[in-house]
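Just so we're clear, the structure is a prediction, and the values are computed from it rather than from any experiment. The chains referred to below are lettered A, B, ... by the order of the sequence lines, with proteins before strands, and numbering in each begins at 1.
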Amino acid sequence: MKRLSPGFCNRDLLPVEVGDIIHLEGECDSDGTWTIDGESGYLILYPDILISSTSIANSIRCLRRAVLSEKFKVCDRGSLQMLIGTMLHDIFQTAVTSGFTQENLQEIAFKKVHGPKYLKEMYELNVNQIKIMQEIEEYLPSFTKWASSFLHKSHVCQQDMQLKLPSDVNKEDPICKIEVTDFVDIEENIWSPRYGLKGKIDVTASVKIHRRSKTAFKVMPLELKTGRETNSIEHRSQVVLYTLLSQERRSDPEAGFLLYLKSGNMYPVPGNHMDRRELLKLRNQLAFYFVHGIKKIGSENGQTELSPLPAIITDKQTCKYCSQIHNCALYNRAVEQDLGVLPPDMSFIEMQTQHLKPSHLKYFGLWCLMCSLEAQCKEGKKGRRNIWLMPAAERERDGSCVGNLIRTGKVETVSEGRYLHHFQSTHDTMPATNLMQGDRVLVSGQEKGLLALSCGYVSEVNQTKISCLLDRNLAKLPEDTLFILDHEEGIGGLDAHLGNLSKLMENSAESEKLRSLIIDFHKPQFLQHLSSVLPLEAKDTVANILKGLNKPQKQAMKRVLLSKDYTLIVGMPGTGKTTTICNLVRILYACKFSVLLTSYTHSAVDNILLKLVKFKVGFLRLGRSQKIHPDIRKFTEEEICKVNAITSLCHLEELYNSQPVVATTCMGINHPIFTRRRFDFCIVDEASQISQPVCLGPLFYASRFVLVGDHQQLPPLVQSAEARDLGMNESLFKRLEQNKEAVVQLTVQYRMNSKIMALTNKLVYEGKLECGSEKVGTATVNLPNLKDLKLKMELFTDYSETWLKDVLEPSNAVCFLNTEKVPAPETADKGGVSNVMEAKLVVFLTSLFIKAGCKSCDVGIIAPYRQQLKIISELLAKSSVSNVEVNTVDKYQGRDKSIIIVSFVRSNTDGNLGDLLKDWRRLNVAITRAKHKLIMLGCVPALGRYLCLETLLCYLSTENMIFTLPAGGHEGLVLASSV
DNA sequence: CAAAGCACCCTTTGT
């Protein structure tokens, strides 16, 4: 691999820039000159960007469309022809193992059409199974015809074929007959960092090429096509690319075949060097656009802007059927025209975008830019290229991979395309790994050339074994094959963002309404009287539910019922957000409204559902089973389909329409149900933590929405500082909050006692928060053995540590332990920032509270840094304390414990405390998790350098809640902990 | 200077 140096820059051939990474293949002189010409050699630009063969084939007609399809993936919708195509592929591939007789093909076809596999797609297209079967049956005779001419020595009666292989000597006779002797693989998945390509080969076959002079054997790719028999450049190109991909696994096949399933005709496609090179040049152009989607303007720390895409083509015929036409026009209008790039034909741009106002285009452009910045930032941190660039041992150390595995036991076929595999380490025990149940994994062979054999999900990990549900059956590989499992974190992960943004710009009633509310801030409308929405028969039920609620909660319910557009519910800490949402759903359900219930995380969705279950509100839960709470799984589509053996379209439709309440995550909205169902209300929980484009997703499917959150708690996480500065971490909740009439605040809280509550009231909520009852306000920690403990401590030590008494005292609900004099400095290593002394103190206090009679599950430890959590967990394990939850601030949001110990970690003299502690919202979350006792540890003068912490410390000091630990005071702890 | 979450992916066909 070479880094391009100045001077090597031929813009006619390839759009490269200084600094771009290339891979060269071919002849190299002693003076370092590479020869790449019509005979040999390739140049691959950014070989670590793997581009699919279909993308490249698609870019032949229009490069711009191929780039757009990559950005706006979700915008490409399916069609009936596509579904038939996929099914015919599947049928052919199944016949490969069971035979091509008409009877067998009929049987396979019937099973596929009436099986569960394609039901969702049929639902989406709203076609019936009988029609699909008819279409498919037309093809089957050609399957048999193909088999009889090309399989098993039947080539004798076959017509001659012309095939000239690149390696053939000049005068070799191109006339030949082809015999397929064996099927090596189907849907073989290949990633090639050598050519920068990826793809799946329909059929990999062993082929005998019979010629008059001699017979040749080759393993070749076979590409199936169900459409019109065009033998077009697009089709042939795909085959040529597969001949390149094949080289990752075996020697150059030199050619492949195009098989048209409608006629049974098969055409040879040689992989000539010039064709390959032309296609790789096309690939390089795509790679260039993928890498250079944005560029810095001005000098060093200048701003970034979006780059123009490949030019708009002038061939109207091609545009007529383009699935990206909307995004093509939109991007030109919103982005390129500002850069001075004008289209060849203004009228089509006009037509596609005339419904959009300048404000809409501006919003679209800005969010595209922010998403690109964030994608680039993420890509730089952990691209999937590490899988082939980083040695396995190094990845293993990070915990993102497990190597040296061999397959054990049998491969179980769970359903079509899902195979359960078990792996064992060749070492005695499984190495430590971050891989968890439900994680997406990529399986490769340890040997070079076996990259990306299959992918799937982890179904179980323990000390000795790891089990995965994979998309391919690996039993065919030799038994001693060594495997590596890599955590597949996905690339960028901003597909949903861009898809939703594009949808927001569509010319539809739903999109127009959302644009006016969200972009143009149109005032949300409300009805005047409840009687107009409340059906008579629901009145009693609703009144009953309302009876159990506090005032602001009742207020919230009314607001939602009266809303015509949206409502924002501010759920301050401990105010019963989940209960409120649960009651809201009950009320809407009673009023016969349909509800789409969503949140960012699976666990938040399930928390509400777990409450809802008790009230006999029926719902359908969508999403991957493994990520869903075990008690909720029986309400998932997957489970219901399995239990009821649903294999017909009308039963599936019935299921999809069976419940007025549908629950899923914001990202789960690509489910086929949303192509046809609409809802009266959409509720989004955790809304203040979701970025705008993602939050938008579910809103398209409902006529009104309710966002629940609290923007005083953590905002959406944005890694790119530039994107953050442009406003990417502003949630939709925050954006809409300026419309005060839509906001209701839940101010009555049931979590914290009054002293803990006072803290956040002072810091954040301006005294709005109040305790739900006298009991809540005066509650203290329950330490039944405290007296005993105190006595023992006085016996064994001189118990001069008065601060210890103070900290243990239940009535001191809030304590800040100042480590200034101890001292307790921070340390930083590659794992992150930590503070060992603070960790020791935390563990000491924890065990003391447990000795005083507190249950370990009632204690929670919070730190902003993972490294600190690691050290604390290790120390806890050593002192055999278990069941104490140790977690980051971010993970504790939405939860509580009786006692919370916060370790602030940062303690230095150079003034830099990092970004994490700067955010007052993170601080707010940290100090509002404790019900009865909040203990904070940190160095007062160091922390005081940040404004939000200074404000906190100032207040604590006036309330006499700061206890300065004596110098070397920690030494006594060893003694004390032996008590 | 490091916080967390979600996501199936590559294909299928039409000029």
Between [N] ([atom2]) and [X] ([atom1]): distance, integer Å:
X	N	atom1	atom2	value
A/Leu224	B/dC10	CG	C1'	15 Å
A/Lys73	B/dT11	NZ	P	12 Å
A/Asp202	B/dT11	CG	C1'	8 Å
A/Asp685	B/dC6	CG	C1'	16 Å
A/Phe92	B/dT12	CZ	C1'	16 Å
A/Glu70	B/dC9	CD	C1'	11 Å
A/Leu442	B/dA7	CG	C1'	15 Å
A/Met436	B/dG5	CE	C1'	11 Å

List in chain and number order the residues that pass ring pair (Phe, Tyr, Trp, His ring centres under 6.0 Å) with [X], two or more places apart in sequence or in another chain; answer none if no residue qualifies.
X	result
A/Phe674	A/Tyr701
A/Tyr195	A/Tyr42
A/Tyr419	none

I want to verify a distance call: between [options], whose nearest atom is closest to the [X] side chain?
X	options	answer
A/Tyr321	B/dG5, B/dT15, B/dA3	B/dT15
A/Met667	B/dT12, B/dC10, B/dC6	B/dC6
A/Thr54	B/dT15, B/dT11, B/dA3	B/dT11
A/Lys200	B/dC9, B/dT15, B/dA7	B/dC9
A/Thr601	B/dC6, B/dA4, B/dT13	B/dC6
A/Leu916	B/dT15, B/dA3, B/dT12	B/dA3
A/Gln719	B/dT12, B/dA7, B/dA3	B/dA3
A/Lys225	B/dA3, B/dT15, B/dT12	B/dT12
A/Thr226	B/dT13, B/dA3, B/dC6	B/dT13
A/Tyr600	B/dC6, B/dT15, B/dT12	B/dC6

| request: Considering only NZ, NE, NH1 and NH2 on the basic side and carboxylate oxygens on the acidic side, decide whether A/Arg249 and A/Asp185 come within less than 4.0 Å. | output: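 Salt bridge between A/Arg249 and A/Asp185, a charged N being under 4.0 Å from a carboxylate O: no.
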
| task | Could you work out the separation of B/dT12 and B/dC8 based on their C1' atoms and round it to a whole Å? | result | 16 Å

| request: Please list, chain by chain and in numerical order, all residues satisfying side-chain hydrogen bond (donor to acceptor under 3.5 Å, both in side chains) with A/Ser263, sequence neighbours excluded. | output: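 A/Glu229, A/Asn265.
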
| A/Asp345: what forms a side-chain hydrogen bond (donor to acceptor under 3.5 Å, both in side chains) with it, not counting sequence neighbours? |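 Partners of A/Asp345 by the side-chain hydrogen bond (donor to acceptor under 3.5 Å, both in side chains) criterion, ordered by chain and then number, come out as A/Lys316, A/Ser347.
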
| task | Step through the shown structure and confirm whether more than 12 heavy atoms of other residues, nucleotides or ligands are within 6.0 Å of NZ on A/Lys870. | result |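 Counting other residues, nucleotides and ligands, NZ of A/Lys870 stays at 12 neighbours or fewer.
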
| message | Around atom CZ of A/Arg228, are there more than 12 heavy atoms from other residues, nucleotides or ligands closer than 6.0 Å? | response | no

| field | Pairwise 5' ranking along DNA chain B for A/Arg61 and A/His89, keeping only the more 5' one | value |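 Looking at DNA chain B, the more 5' nearest nucleotide goes with A/His89.
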
| message | Let me spell it out: for each of A/Gln238 and A/Val718, pick the nucleotide of DNA chain B with the closest heavy atom. Which residue's pick is nearer the 5' end? | response |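 The residue mapped nearer the 5' terminus is A/Val718.
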
| task | Let me know which of A/Arg283, A/Glu234, A/Gln238 forms a side chain to side chain contact (heavy atoms under 4.5 Å, CB included) with A/Ile56. | result |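 Going through the options one by one, the only one that passes is A/Arg283.
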
Within the 4.0 Å heavy-atom criterion, would you say [X] contacts the bases, only the backbone, or no part of the nucleic acid?
X	answer
A/Asp471	nothing
A/Gly78	nothing
A/Gly227	sugar-phosphate
A/Pro864	sugar-phosphate

| task | Both distances under 3.5 Å, Watson-Crick or G-U wobble: on that basis, could you give the dot-bracket string for DNA chain B, with [ ] for crossing pairs and | for other-strand partners? | result | ...............

| Does A/Thr665 put a side-chain nitrogen or oxygen below 4.0 Å from OP1 or OP2 of B/dA7? | yes

